[in-house]
K.L.:
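Let me begin by handing over the structure; questions about it come next.
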Protein chains: 2
Amino acid sequence: MAKEPEDTIASRISRVLADRIVRGELSAGLRLRQDHIAEEFGTSHVPVREAFRRLEAQGLAISEPRRGVRVASFDLKEVREVAEMRAALEVLALRHAANHLTPAILDAAEEAAREGDVAVDVHAWEDANRRFHRLILAPCGMNRLLASIDDLHAASARFLFSAWRSGWEKRTDHDHRAILLALRQGRVEEAASILERHVQWIGRAPKSAQRGTNVSDVFAIVG
Amino acid sequence: MAKEPEDTIASRISRVLADRIVRGELSAGLRLRQDHIAEEFGTSHVPVREAFRRLEAQGLAISEPRRGVRVASFDLKEVREVAEMRAALEVLALRHAANHLTPAILDAAEEAAREGDVAVDVHAWEDANRRFHRLILAPCGMNRLLASIDDLHAASARFLFSAWRSGWEKRTDHDHRAILLALRQGRVEEAASILERHVQWIGRAPKSAQRGTNVSDVFAIVG
DNA sequence: GCTATAAAAATTATCTATAATTTCTAATTC
DNA sequence: GAATTAGAAATTATAGATAATTTTTATAGC
């Protein structure tokens with residue numbers, strides 16, 4: 001019982017590695033050695049290589065032929081790029097989801113927002129945040145779009161975790177509430193425009209560091 | 001000499017298979033048997049499996065554990081989804097590219113538009129079309145965004161080829177010209193809005209078929 | 001003739017082995 | 001002591017082999 005969604009060793013490895021990269025347990029630039037990973041998972045390196053191809057496509061690893069795979073690095077420019085892509089795609093998804101949003105879904109999203117507010121660490125906050133966004137976007141029923149958004153969200157979360165490695169301050173997210181309110185009242189375009197601004201905020205720091213700066217120097221209130 | 005960009009057998013295989021799928025030589029639903037492909041390329045099946053993972057990420061193939069890989073099918077709903085994603089992302093790219101567009105680039109794009117107008121078949125037209133879009137978007141310098149757009153463009157081209165399998169009528173693309181004119185005169189938002197409408201046109205047929213319809217029943221003047 | 005079932009063939013997923021390349025280490029030279 | 005180079009160790013990419021699963025084919029029953 002408790003069957004996993006995907007069955008192959010390769011997909012399991014790619015999921016675990018993606019999670020570690022996003023959480024910052026594997027830091028940018030680190031070499032991913034196929035034999036070592038194979039040994040850890042008790043497999044040969046063949047499925048490991050397949051997992052690498054997946055991570056590459058997600059933008060979490062980069063592979064140079066004959067020279068191995070390393071954890072992708074990311075600078076502020078890329079974080080902003082991801083934020084803008086997310087803004088564009090989430091707005092699209094929300095417009096299509098709007099008609100299919102039920103009160104039950106909006107209530108669940110409200111609950112996710114509440115959980116974000118009381119989160120005790122950045123991981124709990126991000127988990128609630130991701131649930132919020134997924135809940136209001138999933139009803140669009142556009143699978144390719146949702147998959148892209150998921151990948152971009154992972155990249156954003158990676159930045160979030162790396163920037164917030166130390167310390168966590170509780171705060172209330174007004175944007176999420178404003179989005180829900182607009183949606184409940186049928187003001188879809190207003191919800192979309194708050195969402196757009198909300199997501200674009202990522203990587204826009206108060207005291208903005210310059211290009212090429214290491215990401216962890218910067219702070220951003222993110223969603 | 002004449003070194004290819006990527007060196008591994010897996011990447012070569014994935015490029016060739018992607019091209020065949022897009023051109024319709026491998027039709028939707030067809031099983032891709034790793035041993036057969038391995039034999040064709042004179043390799044073992046290991047690099048073939050890696051190529052499969054890449055195609056999967058591009059949305060050109062779907063893989064079911066233990067049951068093999070098949071060419072992804074696509075219906076009108078998915079074509080429209082891709083069109084809307086492309087519209088959203090190309091607009092984003094154009095806004096960022098606008099400041100970096102030189103007269104030389106715009107001239108090259110004009111030339112690509114001209115080549116599209118005189119194309120003798122759908123493949124030549126699509127080639128010119130892709131060059132046009134790439135030329136005006138690439139200067140945005142956002143690699144992840146451009147890679148996503150490329151994948152979406154491939155999906156669009158696949159639809160185009162499947163819809164146009166028989167017959168080709170010459171036609172002039174006014175949108176491309178209008179976009180260039182607006183860009184030359186610095187009216188970026190106007191160019192973006194023409195581009196958005198232009199790309200969204202894909203899959204919007206004159207005599208629109210209903211959901212679940214086979215894609216090749218429908219016609220659309222696409223970009 | 002059609003459906004169900006069982007055996008055979010084909011196919012996938014993975015492991016082990018190997019050649020080629022890269023990276024690391026240490027000795028040698030200036 | 002720093003830079004260079006030669007050799008050793010590690011690593012990648014691919015091939016070949018194998019167990020498990022799925023698909024196909026052929027057969028038996030109705």
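Proteins get letters first, then strands, A, B, ... in listed order; numbering begins at 1 in each. The structure presented is a predicted model; accordingly, all values stated were derived computationally and were not measured.
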K.L.:
List in numerical order all residues of residues 42-50 of chain A for which some heavy atom is under 4.0 Å away from an atom belonging to DNA chain D.
P.N.:
A/His45, A/Arg49
K.L.:
Could you check how far CD1 of B/Ile9 sits from P of C/dA19, rounded to whole Å?
P.N.:
16 Å
K.L.:
Between A/Asp19 and A/Arg15, does any side-chain N to carboxylate O distance fall below 4.0 Å?
P.N.:
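A/Arg15 and A/Asp19: not salt-bridged.
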K.L.:
Side chains of B/Glu81 and A/His96: do they bring a donor and an acceptor to under 3.5 Å?
P.N.:
no
K.L.:
Let me know the distance between CD of B/Glu64 and P of C/dT12, rounded to the nearest Å.
P.N.:
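Rounding to the nearest Å, CD of B/Glu64 and P of C/dT12 are 12 Å apart.
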K.L.:
Answer yes if the side chains of A/Arg53 and A/Ser63 hold a donor-acceptor pair under 3.5 Å, and no otherwise.
P.N.:
yes
K.L.:
Pick from B/Arg158, B/Arg130, B/Glu126: which one makes a side-chain hydrogen bond (donor to acceptor under 3.5 Å, both in side chains) with B/His153?
P.N.:
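Among the candidates, only B/Glu126 passes.
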K.L.:
Could you check how far CG of A/Leu32 sits from P of D/dA13, rounded to whole Å?
P.N.:
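Going from A/Leu32 (CG) to D/dA13 (P), I get 12 Å.
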K.L.:
Using whole Å, report how far CD1 of B/Ile37 lies from P of D/dA15.
P.N.:
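Distance check: B/Ile37 CD1 to D/dA15 P gives 14 Å.
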K.L.:
Just the rounded figure in Å: distance from C1' of C/dT22 to CG of B/Asp7.
P.N.:
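Taking atom C1' of C/dT22 as the reference, CG of B/Asp7 is at 13 Å.
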K.L.:
For A/Arg70 and for A/Ala10, find the nucleotide of DNA chain C with the closest heavy atom, then tell me which residue's nucleotide is more 5'.
P.N.:
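Whichever sits nearer the 5' end wins; that is A/Ala10.
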K.L.:
Rounding to a whole Å, what distance do you find between A/Gln34:CD and C/dT18:C1'?
P.N.:
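Rounded to the whole Å, the gap is 14 Å.
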K.L.:
Closest-nucleotide mapping onto DNA chain C: is A/Arg33 or B/Val69 further toward the 5' terminus? I mean the 5' end.
P.N.:
B/Val69
K.L.:
Rounded to whole Å, please give me the gap between CD in A/Glu39 and C1' in C/dT16.
P.N.:
15 Å
K.L.:
For the pair B/Arg49 and A/Glu50, find out whether any cationic side-chain nitrogen is under 4.0 Å from an anionic carboxylate oxygen.
P.N.:
yes
K.L.:
Ignoring backbone atoms, test whether B/Arg67 places a side-chain nitrogen or oxygen under 4.0 Å from the OP1 or OP2 oxygen of D/dT23.
P.N.:
yes
K.L.:
Using a cut-off of 4.0 Å on non-hydrogen atoms, how would the nucleic acid contact of B/Arg66 be classed: base, sugar-phosphate, or nothing?
P.N.:
base
K.L.:
Examine D/dA10: is either OP1 or OP2 under 4.0 Å from a nitrogen or oxygen in the side chain of A/His36? Give yes or no.
P.N.:
no
K.L.:
So, A/His198 versus A/His133, ring centres under 6.0 angstrom or not?
P.N.:
yes
K.L.:
Report the distance from atom CG of A/Asp35 to atom C1' of C/dT23, rounded to the nearest whole Å.
P.N.:
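Spelled out: CG on A/Asp35 to C1' on C/dT23 is 14 Å.
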K.L.:
Can a salt bridge be assigned to the pair B/Asp7 and B/Arg12 using a cut-off of 4.0 Å between side-chain N and carboxylate O?
P.N.:
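Result for this pair is no, no salt bridge flagged.
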